[in-house]
Peer 1: 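First, the structure itself, so that you have it in front of you.
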Amino acid sequence: MEQPQADPVASEAVAGAGDDADAYRIRPLELGDISKGFCDLLAQLSPSAPLTEDAYRTRFAELARLGADHLVLVAEHAATGRLAAAGAVLVERKFIRRCGTVGHVEDVVVDAAARGRGLGERVVRRLVEHARGRGCYKAILNCTPELKGFYAKIGFEEKNVQMGLYF
């Protein structure tokens with residue numbers, strides 16, 4: 001998705017933590033990322049039927065029309081071009097808080113083979129930066145109890161109760 005030139009979420013290279021020196025570039029999702037394992041990565045978060053290339057292209061175009069109010073970031077392995085992490089932030093426009101905006105962090109996933117390198121934290125921090133840069137008064141997310149510590153390390157606090165109604 002195209003991002004404005006002045007966007008603080010522009011691509012950056014980050015070094016992997018741990019024993020290896022693999023580099024990952026965190027950048028906005030691109031149309032060609034379907035061939036770099038984007039759907040396989042999302043399947044590690046929530047199993048679902050395979051996504052066709054046409055469906056991916058259609059959804060990509062829909063999200064691109066939302067501009068900076070919907071940002072999907074990925075972490076790309078520099079040597080292989082494969083995606084190792086992803087996450088999104090959606091900016092919700094509200095009436096409360098003087099027509100404030102809220103950043104909803106969603107679909108954060110790190111490939112099982114790339115965990116422990118700090119990619120999830122880097123992606124989430126960049127998503128939060130983006131929400132702050134869009135004027136959001138808060139960033140919120142839902143997570144499993146096992147991930148509360150991960151998000152607390154980044155600065156999130158447990159608030160309220162999440163409920164869901166699935167169709």
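Only this structure's heavy atoms are used, side chains among them; waters, hydrogens and symmetry mates stay out. In this text the structure is predicted, and so the values were computed from the model without any measurement.
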Peer 1: Going by the rule salt bridge (charged side-chain N to carboxylate O under 4.0 Å, His left out), which residues pair with Arg57 if we only count those two or more places apart in sequence or in a different chain?
Peer 2: Glu53
Peer 1: Applying the side chain to side chain contact (heavy atoms under 4.5 Å, CB included) test to Leu41, which of Asp107, Asp33, Val109 qualifies?
Peer 2: Val109
Peer 1: Using distance only, find each side-chain donor-acceptor pair of residues 43-52 under 3.5 Å and give its atom names and separation, not counting sequence neighbours.
Peer 2:
from	atom 1	to	atom 2	distance (Å)
Gln44	OE1	Ala112	N	2.9
Gln44	NE2	Asp111	OD1	2.5
Thr52	OG1	Ala55	N	3.0

Peer 1: Can we say Arg132 and Glu129 salt-bridge, meaning some charged N sits less than 4.0 Å from an Asp/Glu carboxylate O?
Peer 2: no
Peer 1: Is Leu31 reachable from Phe38 through a run of I, L, V, M, F, W or Y residues, each pair having side-chain heavy atoms under 4.5 Å apart?
Peer 2: yes
Peer 1: Considering non-hydrogen atoms only, spot the tightest contact between Val110 and Ala85 and give its length.
Peer 2: CG2-CB, 4.0 Å
Peer 1: With side-chain hydrogen bond (donor to acceptor under 3.5 Å, both in side chains) as the test, pick out the partner of Thr80 among Arg82, His77, Glu76.
Peer 2: His77
Peer 1: Heavy atoms, side chains only, cut-off 4.5 Å: are Val123 and Arg126 in contact?
Peer 2: no
Peer 1: Could you give the side-chain donor-acceptor pairs of residues 98-106 under 3.5 Å, partners two or more places apart or in another chain?
Peer 2:
from	atom 1	to	atom 2	distance (Å)
Thr101	OG1	Gly135	O	3.4
Thr101	OG1	Cys136	N	3.4
His104	NE2	Glu92	OE1	2.6

Peer 1: Quick one: list whatever passes side chain to side chain contact (heavy atoms under 4.5 Å, CB included) with Ala84, sequence neighbours left out.
Peer 2: Tyr24, Ala114, Leu119
Peer 1: Can you give me every donor-acceptor pair (side chain of residues 150-167, partner residue at least two apart or in another chain, under 3.5 Å) with its distance?
Peer 2:
from	atom 1	to	atom 2	distance (Å)
Glu158	OE1	Lys148	NZ	3.1

Peer 1: Report the residues that fulfil side chain to side chain donor-acceptor pair (under 3.5 Å) with Asp69, sequence neighbours left out, ordered by chain and then residue number.
Peer 2: Arg93, Arg134
Peer 1: Are Ile26 and Leu141 grouped together when hydrophobic residues (ILVMFWY) are joined by side-chain heavy atoms under 4.5 angstrom apart?
Peer 2: yes
Peer 1: Same cluster or not: are Leu90 and Leu66 linked, directly or through other Ile, Leu, Val, Met, Phe, Trp or Tyr residues, by side-chain heavy atoms under 4.5 angstrom apart?
Peer 2: no
Peer 1: Can you tell me how far the CZ atom of Arg65 sits from the NE2 atom of His70, to the nearest 0.5 Å?
Peer 2: 12.5 Å
Peer 1: Counting C-beta onward and ignoring hydrogens, is there a side-chain heavy-atom pair between Val72 and Pro28 closer than 4.5 Å?
Peer 2: no
Peer 1: Would you say Phe95 and Val91 are hydrophobically clustered, going by side-chain heavy atoms of ILVMFWY under 4.5 Å?
Peer 2: no
Peer 1: For residues Glu30 and Arg25, report the shortest heavy-atom separation together with the two atoms involved.
Peer 2: OE2-NH2, 4.3 Å
Peer 1: Please name the pair of heavy atoms, one in Cys39 and one in Ile34, separated by the smallest distance, quoted to 0.1 Å.
Peer 2: SG-CG1, 4.1 Å
Peer 1: To the nearest 0.5 Å, tell me how far Tyr56 OH sits from Thr58 OG1.
Peer 2: 11.5 Å
